[in-house]
Amino acid sequence: MEDQAASRESLGVESASKFPPPRSSSSGHRIPEGEPAQRQWSGDYGLSAGDRRFAFSRQSSFRQSFHRSQSDPQTPVSSQGNHSFRPYLSRSDSSISIPPWEIDGYGVGYSKFSLKGDGEGHQKLTVLQLMLSLVGAIRSGNRPMKRLALMISLNVAYSTAELLIGVLTGRVGLVSDAFHLTFGCGLLTFSLFSMAASRRKPDEVYTYGYKRLEVLSAFTNALFLLFMSFSLAVEALHAFIQDESEHKHYLIVSAVTNLLVNLLGVWFFRAYARVNIVYRKAEDMNYHSVCLHVLSDSIRSAGLILASWFLTLGVENAEVLCLGLVSVAVFMVVLPLFKATGGILLQMAPANVSPSAFSKCWRQVTALEDVSEVSQARFWELVPGHAIGSLLIQVKRGANDGPILHYVHGLYHDLGVQDLTVQMEYT
């Protein structure tokens with residue numbers, strides 16, 4: 001322990017003159033006094049002793065100190081059975097054993113999640129068990145989940161009644177509108193399911209957890225609304241071609257009822273009733289997509305009501321005008337959400353960090369004395385507010401890589417990258 005402490009103190013003195021002080025406090029970590037010596041890791045991953053891809057990785061599968069402030073960068077620690085905080089890794093180990101920890105967070109640990117029965121065989125969830133688990137999650141969930149479940153129930157009841165009336169009376173328009181509402185209820189149900197499933201802890205299969213399911217749900221809602229905008233434009237074109245004097249006005253009652261139900265949903269998610277929102281977490285993106293879904297349906301119903309009223313007043317091409325305006329309005333409202341969700345699913349660079357900032361950090365790392373080259377710089381967002389990155393740094397043979405790693409981690413953490421993996425190669 002005394003030799004380790006002396007070597008680390010000499011490391012800090014030696015690196016102070018070679019590297020500019022990082023803006024982060026990651027280089028200030030020290031092992032607490034009285035801590036037992038680091039034990040060897042177990043397990044064999046088939047890596048050579050000189051392979052450093054895991055030696056200084058900031059992967060979230062290592063145990064972190066959760067009592068630190070979130071402004072401090074997460075430093076890699078060893079996989080020990082105790083709960084001590086170790087900011088340095090053993091450089092002589094080439095094998096890593098990751099126990100199934102159960103810690104909340106984005107991929108911080110693994111909580112074993114399996115759909116196994118009491119016996120030895122695996123049991124798959126039936127539809128009834130899945131529904132019961134979803135109901136249980138809704139009952140124990142937050143207020144938005146309960147409000148969304150209530151809104152889905154109202155829409156299902158209304159669409160079922162509309163479908164029965166349309167079939168019994170032979171109204172094709174009512175049947176078509178009922179199928180439209182049923183498909184929309186399916187998407188809202190997927191949003192509700194993603195809210196419940198995203199609360200699960202990371203497991204052996206989904207090591208980053210299920211948070212990105214909410215991003216996928218928001219993208220699905222945005223894609224559906226863009227398709228609805230396109231279908232409204234086609235309907236407006238069809239109304240322009242056909243004789244409007246034969247247009248039927250019996251959908252006015254259906255549109256008014258649908259508008260009232262959707263306005264209730266808009267009131268439930270009124271905090272997200274904006275076009276451009278800064279998404280700080282995945283829940284914000286999912287709630288925003290639900291709000292835009294019911295808002296777009298409300299705009300559609302209001303357009304149909306306005307078109308029917310204008311037709312009764314004898315206004316020519318009223319339906320074409322109203323449906324065209326509704327189509328443009330829905331497209332403009334949904335497009336920012338579609339771009340944001342699509343960018344995350346395509347793993348684009350974090351939108352809240354400018355490319356010039358990444359270039360500046362790259363130049364600062366390249367300018368270090370012992371660094372020969374920096375390549376394979378990749379950065380993306382797992383979910384809004386959780387950025388991940390990886391770097392390949394080539395250093396001069398015989399150089400001390402400890403200060404370089406601390407400086408790089410602190411530099412990119414200040415930029416907003418929470419999880420950074422650095423691979424070192426020697427030239």
_For a side chain to side chain contact (heavy atoms under 4.5 Å, CB included) check, start with the C-alpha distance between E373 and E425, then their side-chain angles and the critical distance, and finish with the verdict._
CA-CA 10 Å; E373 184 182 357; E425 290 185 357; over 6 Å; no
*Candidate pair Y279 and I344, rule side chain to side chain contact (heavy atoms under 4.5 Å, CB included), full reasoning*: CA-CA 12 Å; Y279 305 109; I344 291 179; over 6 Å; no
*Contact summary for L174 and G166, nearest pair of heavy atoms*: CB-CA, 3.8 Å
*Before accepting this row, confirm whether a basic side-chain N of the pair E214/K281 lies closer than 4.0 Å to the acidic partner's carboxylate O.*
no
*Say whether, by atom type as modelled, one donor and one acceptor occur between the side chain of Q418 and the main chain of G385 under 3.5 angstrom.*
yes
_Donor-acceptor check, side chain of S229 to backbone of S327, threshold 3.5 angstrom: yes or no?_
yes
*Heavy-atom distance under 4.5 Å between the side chains of V374 and L392, does that happen here?*
no
*Donor-acceptor pair, R212 side chain versus L382 backbone, under 3.5 Å?*
yes
*Between H386 and Y208, how do the two ring planes meet: parallel, tilted or perpendicular, split at 30° and 60°?*
perpendicular
*Do N317 side-chain atoms and V320 backbone N/O form a donor-acceptor pair below 3.5 Å?*
no
*So, the side chain of S217 versus the backbone of L213: is there a donor-acceptor pair under 3.5 Å, distance only?*
no
*Close side-chain approach of V383 to M285, heavy-atom, < 4.5 Å*: no
*Does the H409 side chain pair with the main chain of I404, one donor and one acceptor, at a distance under 3.5 Å?*
no
*Least distance between heavy atoms, P350 atom then A387 atom*: CG-CB, 4.0 Å
*Is L216 close to S194 at the side-chain level, that is, under 4.5 Å between some pair of heavy atoms?*
no
*So do the side chains of M151 and L188 get within less than 4.5 Å of each other, counting heavy atoms only?*
yes
_What verdict does the side chain to side chain contact (heavy atoms under 4.5 Å, CB included) test give for Y158 and S254, after you've listed the backbone C-alpha separation in whole Å, the side-chain angles of each residue and the deciding distance to 0.1 Å?_
CA-CA 9 Å; Y158 171 68; S254 172; 2.8 Å; yes
*asked:* Which label fits F193 and F190: parallel for a plane angle under 30°, tilted from 30 to 60°, or perpendicular past 60°?
replied: parallel
*asked:* Restricting to non-hydrogen atoms, name the atom on I305 and the atom on A255 that form the minimum distance, rounded to 0.1 Å.
replied: CG1-CB, 3.7 Å
_CH2/W380: more than 12 non-hydrogen atoms of other groups inside 6.0 Å_ = yes
_Close side-chain approach of V422 and L420, heavy atoms under 4.5 Å_ = yes
*By side chain to side chain donor-acceptor pair (under 3.5 Å) - contacts of S356 (at least two apart)*: S354
*To the nearest 0.5 Å, how far apart are CG in L181 and CG in N155?*
6.5 Å
*Closest non-hydrogen atom pair between P384 and V215, with its separation*: CD-CG2, 4.0 Å
*Rounded to the nearest 0.5 Å, how far does OG of S308 lie from CD1 of I252?*
4.5 Å
_N258: partners by side chain to side chain donor-acceptor pair (under 3.5 Å), with sequence neighbours left out_ = N262, S301
_Evaluate Q364 against L411 for side chain to side chain contact (heavy atoms under 4.5 Å, CB included), listing each step before the verdict._
CA-CA 9 Å; Q364 290 179 356; L411 189 66; 3.0 Å; yes
*Where do F269 and P144 come nearest, in terms of heavy atoms and distance?*
CZ-O, 3.8 Å
*asked:* By the salt bridge (charged side-chain N to carboxylate O under 4.0 Å, His left out) test, which pairs, at least two apart or in different chains, include something from residues 300-312?
replied: D177-R300
*Report yes or no: does Y210 contribute a side-chain atom to a donor-acceptor pair with the main-chain N or O of A196 at less than 3.5 Å?*
no
*Less than 4.5 Å apart, any side-chain heavy atom of L304 and any of L323?*
yes
_Shortest non-hydrogen separation from L337 to A218 and the atoms involved_ = CD2-O, 4.1 Å
_Can you see whether S289 engages Y272 through a side-chain donor-acceptor pair at a distance of less than 3.5 angstrom?_
no
*First locate atom OG of S296, then atom CG of L232, and finally report the distance between them rounded to the nearest 0.5 Å.*
9.5 Å
*asked:* I'd like to check M195 versus L148 (side-chain heavy atoms, cut-off strictly below 4.5 Å). Are they in contact?
replied: yes
*Taking atom CD of Q423 and atom CD of Q376, what is their separation to the nearest 0.5 Å?*
7.0 Å
*State, yes or no, whether a side-chain contact exists between T160 and E162 at a heavy-atom distance under 4.5 Å.*
no
*Rounded to the nearest 0.5 Å, how far apart are CD1 of I393 and CG of D401?*
9.5 Å
*Quickly, which of V294, L292, V290 forms a side-chain contact (heavy atoms from CB on, under 4.5 Å) with V266? Name it, please.*
V294
*asked:* Would you say that more than 12 heavy atoms from the other residues, nucleotides or ligands in this model lie under 6.0 Å from the CZ of R280, or not?
replied: no
*C322 side, atom SG; I299 side, atom CD1 - distance, nearest 0.5 Å*: 13.0 Å
*asked:* Please check: side-chain N/O of R378 versus main-chain N/O of G389, any donor-acceptor pairing under 3.5 Å?
replied: no
*Could you tell me whether a side-chain N or O of S176 sits under 3.5 Å from a main-chain N or O of V172, the two making a donor and an acceptor?*
no
_Going by the rule side chain to side chain contact (heavy atoms under 4.5 Å, CB included), which residues pair with V167 if we only count those two or more places apart in sequence or in a different chain?_
L163, V175
*Looking at residues at least two apart in the chain, or sitting in another chain, which of them share a side chain to side chain contact (heavy atoms under 4.5 Å, CB included) with A377?*
F379, L391
_Residues in side chain to side chain contact (heavy atoms under 4.5 Å, CB included) contact with S231, at least two apart in sequence or another chain_ = M228
*Centroid-to-centroid, F224 to F183, below 6.0 Å?*
yes
*Quick one: do S191 and Y287 satisfy side chain to side chain donor-acceptor pair (under 3.5 Å)? Show the steps, please.*
CA-CA 8 Å; S191 297; Y287 296 159; over 6 Å; no
*asked:* Taking D203's backbone N and O only, do any of them form a donor-acceptor pair with T207's side chain (distance below 3.5 Å, no angle check)?
replied: no
